[in-house]
Every structure is written in C-alpha cells, then in structure tokens.
Amino acid sequence: MTSTLSPSALRAALHGTSLVLTPLDEGFVAAHQIRPGGVDAVPDAVVRPTDAAGVARAVRFAADHGLELAVRSGGHSALGRGRRPGALVLDVRGLDDVQVDRAARRATAGGGVTAGAYTAATTQHGLITPFGDAGTVGVAGITLGGGVGFLSRRLGMTIDSLHSARVVTADGQVRTASAQEHPDLFWALRGGGGNFGVVTELTFDTHEIGTVVGGPLILPATPTTVAGVVATLRQAPRELTAIVMVMVAPPVPFLPEEAHGRLVVMVNLCWSGGVDDADAALAPLRALGEQAGGIIADLVAPGPYIGLLEGPDGPPMAMHNRSFYADDVDEAAAADILDALGSSTAMMRVVQLRVLGGAVADVPTGATAYAHRDAPITGVVAAAEPTAEAVAEHVDWVADVADRVRRGRHGAYANFVMDGDPTLLAQAYPGDTGRRLAEAKATYDPTNLFRSNLNVLPAGHD
Ligand SMILES: Cc1cc2nc3c(=O)[nH]c(=O)nc-3n(C[C@H](O)[C@H](O)[C@H](O)COP(=O)(O)OP(=O)(O)OC[C@H]3O[C@@H](n4cnc5c(N)ncnc54)[C@H](O)[C@@H]3O)c2cc1C
C-alpha cells in the first residue's frame, strides 16, 4: 500500500530535526537529482536528517503512512530517488562526519559520507580503506553491495574491511551490527544492499598503503591485447589490480587526436607493491601495447592512492548497464567484445572488465552476502545517451553483449544492478545466499519498507 504524503504531517513528525524539501521549496530539484540522468521519478519530498535520531523519525513516518521510501547517499544509483513518482527520499548526506582512530587503525564514517571524503580524512593519518574507482560514490552505497576497486586483489572487497555498522531498521530502532551484535544483520549488510535499514554509521578497518603507481595505460584494441591484459592481470601479484575499459576513445586532450573515435583498451591500474618494483610489474602490460603497434598513452605515475579516485565527472547521461561474471576472456570472447562495440551506435558504450581473485577469493563464499567469491572476472556492459528514450534503444544490445562475454557463467554484481531489475535478484544472490537474505529481511524488515533497491523479499512472502 502506498499513501499520499502530507508535508505538514511529515514536518511535525520530524520535530524540526531534519530539513524537508517539497516541490514548492527552493533546492528541491538539486536535492533529489541523482548522478545518472534520464530517470523521471520525481519524489513528493526529500528529508535530510543530520543524525540517527532524525533518520529513525523519518523511517517511522514512512512506515506508519505506507510511503514508498528511497534512501540515498552518494546518489550513483537510480534507486536513490525511488522507483515511482511520489516517494519519500531519505537523503542521508548530512551524516557526513569521519572519525579516524589511528591507534586502533579504524575509521568511522557517517552514512552519507563519500568514498573521496572518507579517504581524504584517513589519508591524513597514512591509512585507507578500499572502495571503488570513484570518490563521489557513497561509502554506504558501495559497501552494502560489496565494493570492488583498485586494491581488491590485495585487500579484498570493501565489506572485508567493515568492522561494524549502525543501522535504523524498519521498526525505527537504531541497532549495531557486528560479528558480536546482530551477526545475521551484519552478514546481510555485507553484500545484501539497502534491504535491511538505513545505515547511519560504518566503522572500517584501515590499511597502510604508501605511494602507489597508478593511472591509465591506453593500448590499441585487438583481441590479443584484450585477452592478454586479462591473462596478465590474472597471473599478476596481488599488488596489481586494474579496471579495464574496452571502449571508443573519447576526444580528450590526454589521448592523441588520431585515437579519438577508435576502439581502445584503457587499463586503469593500481600497483601497490612499491615504486621501485613498478616497472617490472607493469612490463607485461606495456609489452602488449608495443606488440599491437605501440602504446597510445601511458599516464601511469607514482602518487597517493586517493589520486586514483579523483576523476572528472563526465557529462550527465542516461545509462543502461548489465553486470556479468566470467571465467575467462580469451581471444574469441575479446573478438566478440570488439565486434559488439564496433557495431553499436550508442553515443557512449563500454565493456568494463575487472580481474578479481587474490584477497577477494580468500574469503569463503558463505561468510558474507556477496556470493561470487570464486568468480575470477566481473564486468559490466554499458551504453549511454543524452536521454532515457535514446538509451532504451540499446537495452537489448547491452544484455546480448553481457551474455556473450559471460559464456554461460551465472551471476550479477549487486552494485552494478543500478536499476534494481528484479529478474537479476537470483543472479546476484543465488542459492543459500538468497535464502539467508530472505530470512534476515523477515527479521529486520518484514513489511518490505526498504524496497527501492535490488529487492530481497522477506522469507514467507508470497
Ligand atoms: C561512476 C560510478 C562508478 C562506480 N564504481 C564502482 C566501483 O568501482 N566499484 C563498485 O563496487 N561499485 C561501483 N559503482 C557502483 C556503486 O557502488 C553503486 O551504484 C552504489 O549503490 C552507489 O552508492 P551511492 O551511495 O553513491 O548511491 P545512492 O543512489 O545514494 O544509493 C544507492 C543505493 O544504496 C542504498 N543506500 C545508499 N546509502 C544508504 C544508507 N546510508 N543506508 C542504507 N542504504 C543505502 C540504497 O538502497 C540506495 O538506493 C559505481 C557507480 C558509478 C555510477
């Protein structure tokens, strides 16, 4: 059941603890806009609390009034503004504190902190926690889905560094989830997405990394280079992790003009094994470029890890993507990728490949709600256009390419199911993982208040 929202009743229920913005208020559009464009589900109100008590009041109000509730922090997913017009958006960006405990090597972030703000705070103490490739992504959002990034092969996923979380569950209670307290909730939060409550605080273990050698290495796109890059990364020491983008080269100043519009392999890499050993570690990747006629651009350089999270935001575009896992990307699969990218007319299209293994695979599958520990490669196919109508033309293409690259391997990575497509639920959470999540959902959100996500239904739900 979904009812109509009364702004005056909402304001009264929040006792002035949170800012409430409705379509009549200045700042409303900026408050509900999210990063990927093209979604037109405008909410009825945006609530911006500054503490867990404010979050709890908003959660109780939504539950009592049967409102569609959407939770947003970094704003990178279309779900952060609700699936349907008329939702109540709970925008937790005001929970923006970061506390670093150098002695305990832990850091605690409010539920609205971005990966960039968190990393800026911990870097001052010579510490980091691994997130993804973009500093603008919300710490809560990426953690709840799992978190793969530039240090995954060395330090594991973001969830592997999560020590505990404070969560407002559907009954409006603020709970601590950790290995000791509510361990079923703690298990579910590590991969199960925003299904179990609003996270108001996350405490992470931190790591010393020092200077890394990283940045993009851009190679000519041939089946041999694409497959060679994947094979090289699979054999590399854990200190090397890369995010590989097979894509049409954009007209950017750091690429030579003759490369613009051509298919390239952009290897966004991070070597954390020491500056002195970087050249030797990266030699096999550079050799692949030389063999293919020459490296197009080599922007790999030593620097602080945080520098890898700082990229310019591209223009706002409507994007459609499909996540996949693969056992390998051999030359035949690489040729398929290049054919597909060459034949698409999408303004922006990319096949992104991330080689996992290493510390990601050290953790047993059942230890967290991330179910794909054994998958050596995860990836995403994406198409983007200026409008949602234009990107709709490419939906079949995206699904078809993902199916061709996965070559029968089941699975989807929850963080890249950004539209919450329910047909992908069992791919993200197969077997036991799905069953345990449904049980946790029945315990902590039996009425499915938190459903603007890749939605897990409570066990026993028809
Ligand atoms: C440009 C870009 C780069 C990315 N790179 C990576 C990457 O390198 N690695 C990776 O693993 N993923 C990556 N992602 C995916 C990203 O991790 C997910 O889309 C994630 O959900 C975004 O979180 P957010 O807080 O920014 O987004 P939001 O839209 O604010 O939130 C997304 C969802 O997370 C949940 N949520 C967010 N905050 C809370 C909270 N405080 N409490 C409860 N639920 C909450 C809600 O269900 C919400 O709908 C990337 C996405 C983009 C757009």
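Atoms within each ligand, like the ligands themselves, are counted from 1 in listed order.
- Ring centers of Y118 and F204: under 6.0 Å apart, within the cut-off.
- Those atoms of ligand 1 that come under 4.0 Å of a heavy atom in G111, given as number and element, are 41 (N).
- Applying the 4.0 Å criterion to heavy atoms of G132 picks out, from ligand 1, the atoms 7 (C), 8 (O), 9 (N).
- Residue-to-ligand polar distances place G138 within reach of ligand 1: an N/O pair is separated by less than 3.5 Å.
- Residues H65 and F61 place their aromatic rings such that the two centres sit under 6.0 Å apart.
- When each of R154, R373, R190 is checked for a salt bridge (charged side-chain N to carboxylate O under 4.0 Å, His left out) with D160, only R373 meets the rule.
- Contact annotation for S452 and ligand 1: only backbone heavy atoms (N, CA, C, O) come within less than 4.0 Å of the ligand.
- Any N or O atom pair closer than 3.5 Å counts here, and T136 shares no such pair with ligand 1.
- The residue among N455, V71, L454 with a heavy atom at the shortest distance from atom 46 (C) of ligand 1 is V71.
- Comparing I142, V380, T200 by heavy-atom distance to atom 10 (C) of ligand 1, the nearest is I142.
- At a 4.0 Å heavy-atom cut-off, ligand 1 touches F416 through the side chain alone.
- The aromatic rings of Y444 and H182 sit perpendicular to each other, their planes meeting at more than 60°, with 30° as the lower class boundary.
- Look at R322 and D419 and you find no salt bridge, because none of the NZ, NE, NH1 or NH2 atoms lies under 4.0 Å from a carboxylate O.
- Here's the thing with V137: none of its N/O atoms is less than 3.5 angstrom from an N/O atom of ligand 1.
- The closest approach between G75 and ligand 1 falls below 4.0 Å for a heavy atom of the residue.
- Atom 22 (C) of ligand 1 has its nearest heavy-atom neighbour, among R451, R93, H76, in H76.
- Those atoms of ligand 1 that come under 4.0 Å of a heavy atom in A140, given as number and element, are 38 (N), 39 (C), 40 (C), 41 (N).
- Using a 4.0 Å cut-off between charged nitrogen and carboxylate oxygen, R153 and E239 do not count as a salt-bridge pair.
- In the model, T203 has a side-chain atom that pairs as donor or acceptor with a side-chain atom of T108 under 3.5 Å.
- Contact analysis leaves E201 out of contact with ligand 1, as no non-hydrogen atom separation drops below 4.0 angstrom.
- Contacts between L144 and ligand 1 below 4.0 angstrom, taking non-hydrogen atoms only, involve the side chain exclusively.
- When heavy-atom distances to ligand 1 are checked against a 4.0 Å cut-off, V92 comes that close only through its side chain, counted from C-beta outward.
- Between K441 and D445, at least one side-chain nitrogen of the basic residue sits less than 4.0 Å from a carboxylate oxygen of the acidic one, meeting the salt-bridge criterion.
- Using a 4.0 Å cutoff on heavy atoms, G147 counts as a contact of ligand 1.
- Ligand 1 has G197 within reach: a non-hydrogen atom of the residue lies less than 4.0 Å from it.
- Atoms of ligand 1 lying under 4.0 Å from any heavy atom of R72, numbered from 1 in the order shown and given with element: 30 (O).
- Q99 and D97 share a side-chain donor-acceptor pair at under 3.5 Å.
- When atom types are taken as modelled, the side chain of R349 and the backbone of S344 share a donor-acceptor pair closer than 3.5 angstrom.
- Proximity of R354 to ligand 1, defined as any heavy-atom pair under 4.0 Å, is confined to the side chain (atoms from C-beta onward).
- A salt bridge links D374 with R409: the distance from a Lys NZ or Arg NE/NH1/NH2 to an Asp or Glu carboxylate oxygen falls below 4.0 Å.
- Considering G141, G194, A115 only, the shortest heavy-atom separation from atom 47 (O) of ligand 1 involves G194.
- Checked for salt-bridge contact, D184 and R436 miss the test: no charged N lies under 4.0 Å from a carboxylate O.
- Counting only N and O atoms by type, the side chains of R175 and T169 include a donor and acceptor under 3.5 Å apart.
- The side chain of N453, and not its backbone, has at least one atom closer than 4.0 Å to an atom of ligand 1 (non-hydrogen atoms only; side chain from C-beta on).
- The closest approach between Y413 and ligand 1 falls below 4.0 Å for a heavy atom of the residue.
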